[in-house]
Every structure is written in C-alpha cells, then in structure tokens.
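The structure under discussion appears below in the form of structure tokens.
FYI, the numbering just counts along the sequence from 1.
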Amino acid sequence: MSAPCQQPAAPPAASVPPLPPSPATRRPAVDWRIRFAALSLIWGFSFLLIKVGTQGFAPFQVTLGRLLAGTAVLAIAMAMRRERLPRSARTWGHITVAAFFLNALPFSLFSYAELTIPSTLAGICNATSPLWGMALSVVALSEDRPTRRRVAGLGVGFLGVLTVLGAWQGFSGLDLPGTGMALLASFSYAVGWIYVRRTLAGTGSSTLTLTGSQLFIGTLQLAVVTPVFTSAPDTFPLLPTLSVLALGALGTGLAVLLQYGLVQEVGPTTGQMVTYFIPVIATAAGVALLGEQLTWNTPVGAVIVLAGAALTQSRPSATTAARTRTAGDRTKRLSRM
C-alpha cells in the first residue's frame, strides 16, 4: 500500500493507494519474492471468491462480509502498531468519500456483476483501472500531463477492452449490464484514487491508519445499505461463507499489509507490478476451478489491456524530463521577447 498521494499502477482488490518506500528497521523473515507471489495469488483469486460468495449470499451481503473481515484484520494491525485514528473532522469527511469510491461502490458492483459474468471477465475489467485513471488525471490533476507514450497506452488499452468484449461480433453473447458494472467498478477505483491524491496527501496520518479508517467507514456504509435491499440470510452455506471470510481477511486485510511491507522494502514500482499478475491468475482460477469458458479473444485482449496499462504508467526519464523543462523555459523566454 502506498501513500495516499500516489496513484497505483492498477487497482488492487483492496483499493487503497500504495506506500512510498521508507527505511526498513529490520529484515523481514520472509523473502519479498515469496510475499510478492502470495499477494499476486490472493488478489488474483479474489474474483473467484466473489463468484463463490454470491452463490450463497446477496451481493451487498458479500461486500459487507468482506469489509467486516478486512476491517478486523487492519484493526488488529493498527492496535499492534499503536496507530492513532485521525482526529480532524475534515479528514474523516474525505475518508468517507474515499471509502465510497474505493470500497463500498466498486466492491458491490463487482459482486453484482459476477452474478451474470464469469470471474475471468471481472478480473480483466479490473485491470482497466489505470486506463480510466490516465484519462481522468488529464482533467483532474494539473501536474499529471500526458505524454505521447501514455496517450498511446490509453488507445492500446481500450483496443484491448474491445478485443476482450468481442466488439467485431456486435458483443453477441455478452452480458452488457454485468460487464458494464465491472467496468464501472474499475472506473470508480480511478475516481477514488484521484480524490485521495487531491485531499488526503499530507494529513499527518500513516497509510495504514487511513486505510483502516477507510475500510471501517466503508463497512458502516454497507451496514446501512444492506438491510434496506436484502433480508437476513436464513442459512450460512459453508463454501460461500468461507469464501467471503477469505475474501475479506486475505484479499481486503492481509493483502494490504503485504503490499504495505513490499512497497517499503522494494519500492513502489516493483510493488505495483503485482497488478499485472492479477488478471492472469483470475483467468486461470476461473477456468481451472469454476470451469468457465475461455475464447481466444479474452486472453489476447487481456494482454493488450495490460500492455496499454503499462504504457499509461510510464514516466519520462530524468534526462527526458530535464530536456522538457529546458525546452519549456526557452519557450517562455522567447514568448517574453
């Protein structure tokens, strides 16, 4: 997880921005590569767990359960580290908005989407978040100017989306409402990240505190909405119940702590690379364990989406940036003559 002022390369299942690296006080007992692999598996399997969870519970109930379990894990971590909750009412107001766009809304949309679309497609839709983020940041973040490479990445990425959806076939056989909800969930992540960058940077609270607080508020939001739209479950079937608990405790709780440590140890660039493994694992899990069908355009389109996402996250080298600044200074001087 990274500082709220930085946008991640793509949407992790926990949906909180990643941490800037900081000096490690002691070497972790488990090698970072093993933790990286574990994080990839946890987030990759999240879409399978959502699918199984919705087989026993309503989508809002799945979301509420995962938020409850995830909040419990982070609350324990905060207590062990003696983290303090934010004190500013203004900060809590921003956290409330962030919780809606980064947790309550996208988690619920993915749960509803997977009632009618495969978990493989949901995982690939999730990977489009950097594309939405790139498009929105041009408008919302004045310091995040697009380069030719990033604009090209945006075009490549959306070409990949059209490939996944089979646009040349007129989207035949595709559940448009379900796919639309999955893409809207990915768009919601991008909106939330930009909002966090603009409002929660420099609040003085640690990323762990902000993330834990965000999940807590998201849990309250679902606790209000869920009873209105669903009735209490009569039974708690074993497999869906375990799936929801694992989704929250692992995918929304433990995974945040793993990324928190990874980014501190190896830096945000390497830590964010986990994003590119998520749709691959989600696809493999859906096909192997749920028997979901896979046509050629799904993996091909996914590769194109990931290539576009990688291009949108590229930054100019220090030399290129210096040349750009120099050229800009020269232009300003000439314009004054």
Side-chain angles (χ1 to χ4, degrees), residues 1-4 8 11-19 38-39 42-43 45-47 49-50 53-54 57-89 91-111 185 188-189 192-193 195-196 200 203 205-230 232-233 236 240-261 263:
M1 184 110 299
S2 130
S15 302
V16 257
L19 260 180
L39 183 59
I42 289 172
W43 273 339
F45 271 85
S46 292
F47 299 95
L49 294 175
I50 293 172
T54 56
F57 302 102
F60 276 139
Q61 293 169 348
V62 172
T63 303
L64 176 59
R66 75 180 290 187
L67 282 171
L68 276 171
T71 301
V73 171
L74 291 192
I76 294 171
M78 289 171 61
M80 293 176 63
R81 301 183 187 188
R82 298 182 179 179
E83 297 277 357
R84 293 184 178 181
L85 293 174
R87 296 182 179 181
S88 167
T91 299
W92 279 105
H94 291 316
I95 288 173
T96 300
V97 177
F100 175 76
F101 284 109
L102 290 176
N103 301 115
L105 179 60
F107 288 2
S108 298
L109 284 172
F110 271 123
S111 293
S188 179
Y189 285 142
W193 283 331
Y195 181 83
V196 164
L200 288 175
T203 59
S205 298
S206 71
T207 301
L208 179 59
T209 294
L210 292 174
T211 302
S213 302
Q214 178 184 305
L215 290 182
F216 172 69
I217 293 296
T219 302
L220 293 182
Q221 291 171 345
L222 262 295
V224 171
V225 171
T226 302
V228 175
F229 292 96
T230 67
F236 289 84
T241 300
L242 292 177
S243 295
V244 172
L245 291 177
L247 178 64
L250 300 179
T252 313
L254 177 62
V256 171
L257 299 177
L258 285 174
Q259 193 192 32
Y260 183 101
V263 176

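- Within the model, atoms CG of L254 and CD1 of I42 stand 4.5 Å from one another, a figure rounded to the nearest 0.5 Å.
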CA sep, side-chain torsions, deciding dist, call: V228, F60, side-chain contact (heavy atoms from CB on, under 4.5 Å):
CA-CA 10 Å; V228 175; F60 276 139; over 6 Å; no

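- Under the rule for a side-chain contact (heavy atoms from CB on, under 4.5 Å), the partners of L105 that lie at least two apart in sequence or sit in another chain are F100, F101, L109, S188.
- A donor and an acceptor atom, one from each side chain of T71 and T219, are located under 3.5 Å apart.
- Heavy atoms only, all atoms of each residue included: Q214 and A99 are closest at O-CB, 3.3 Å.
- Residue pairs meeting the side-chain hydrogen bond (donor to acceptor under 3.5 Å, both in side chains) criterion with at least one member in residues 72-87, sequence neighbours excluded, are E83-S206, E83-T209.
- No side-chain donor-acceptor contact under 3.5 Å links T54 to the backbone of S111.
- Rounded to the nearest 0.5 Å, atoms CD1 (I95) and OG (S205) are 6.5 Å apart.
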Take T230 and V225 through the side-chain contact (heavy atoms from CB on, under 4.5 Å) test and state the conclusion after the steps.
CA-CA 9 Å; T230 67; V225 171; over 6 Å; no

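- Partners of L49 under the side-chain contact (heavy atoms from CB on, under 4.5 Å) rule, at least two apart in sequence or in another chain, are S243, A246, L247.
- Minimum interatomic distance between A98 and V196 (heavy atoms only, all atoms of both residues): CB-CG2, 3.7 Å.
- For the atom pair OG1 (T91) and CG (L210), the distance works out to 7.5 Å, reported to the nearest 0.5 Å.
- Across all their heavy atoms, I50 and F110 have their closest contact at CG2-O, 4.1 Å.
- Qualifying side-chain contact (heavy atoms from CB on, under 4.5 Å) partners for P233, counting only residues two or more places apart in sequence or in other chains: F57, Q61, F236.
- Between N103 atom CG and T211 atom OG1 the span is 9.0 Å, to the nearest 0.5 Å.
- F107 and Y189 have perpendicular rings, their planes meeting at more than 60° on a 0 to 90° scale where under 30° would count as parallel.
- Separating the OG1 atom in T207 from the CD atom in Q259 is a distance of 10.0 Å, to the nearest 0.5 Å.
- With sequence neighbours left out, L220 forms a side-chain contact (heavy atoms from CB on, under 4.5 Å) with F216, I217.
- Smallest separation of non-hydrogen atoms from L258 and A38: CD1-CB, 4.4 Å.
- Inter-residue side-chain proximity for P86 and T203 is flagged as unmet; no heavy-atom pair is nearer than 4.5 Å.
- Across every non-hydrogen atom of S108 and A104, the tightest pair is OG-O, 2.7 Å.
- Residues that satisfy the ring-ring contact (aromatic ring centres under 6.0 Å, His included) test with Y195, not counting sequence neighbours, are H94.
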Checking M80 against I76 for the side-chain contact (heavy atoms from CB on, under 4.5 Å) test, could you report, in this order, the C-alpha distance in whole Å, the side-chain angles of both residues, the deciding distance, and whether it holds?
CA-CA 6 Å; M80 293 176 63; I76 294 171; 4.0 Å; yes

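- Within the 4.5 Å cutoff, the side chain of L74 has heavy atoms near those of the L257 side chain.
- Here the CG-CG distance, from L39 to L250, works out to 11.0 Å after rounding to the nearest 0.5 Å.
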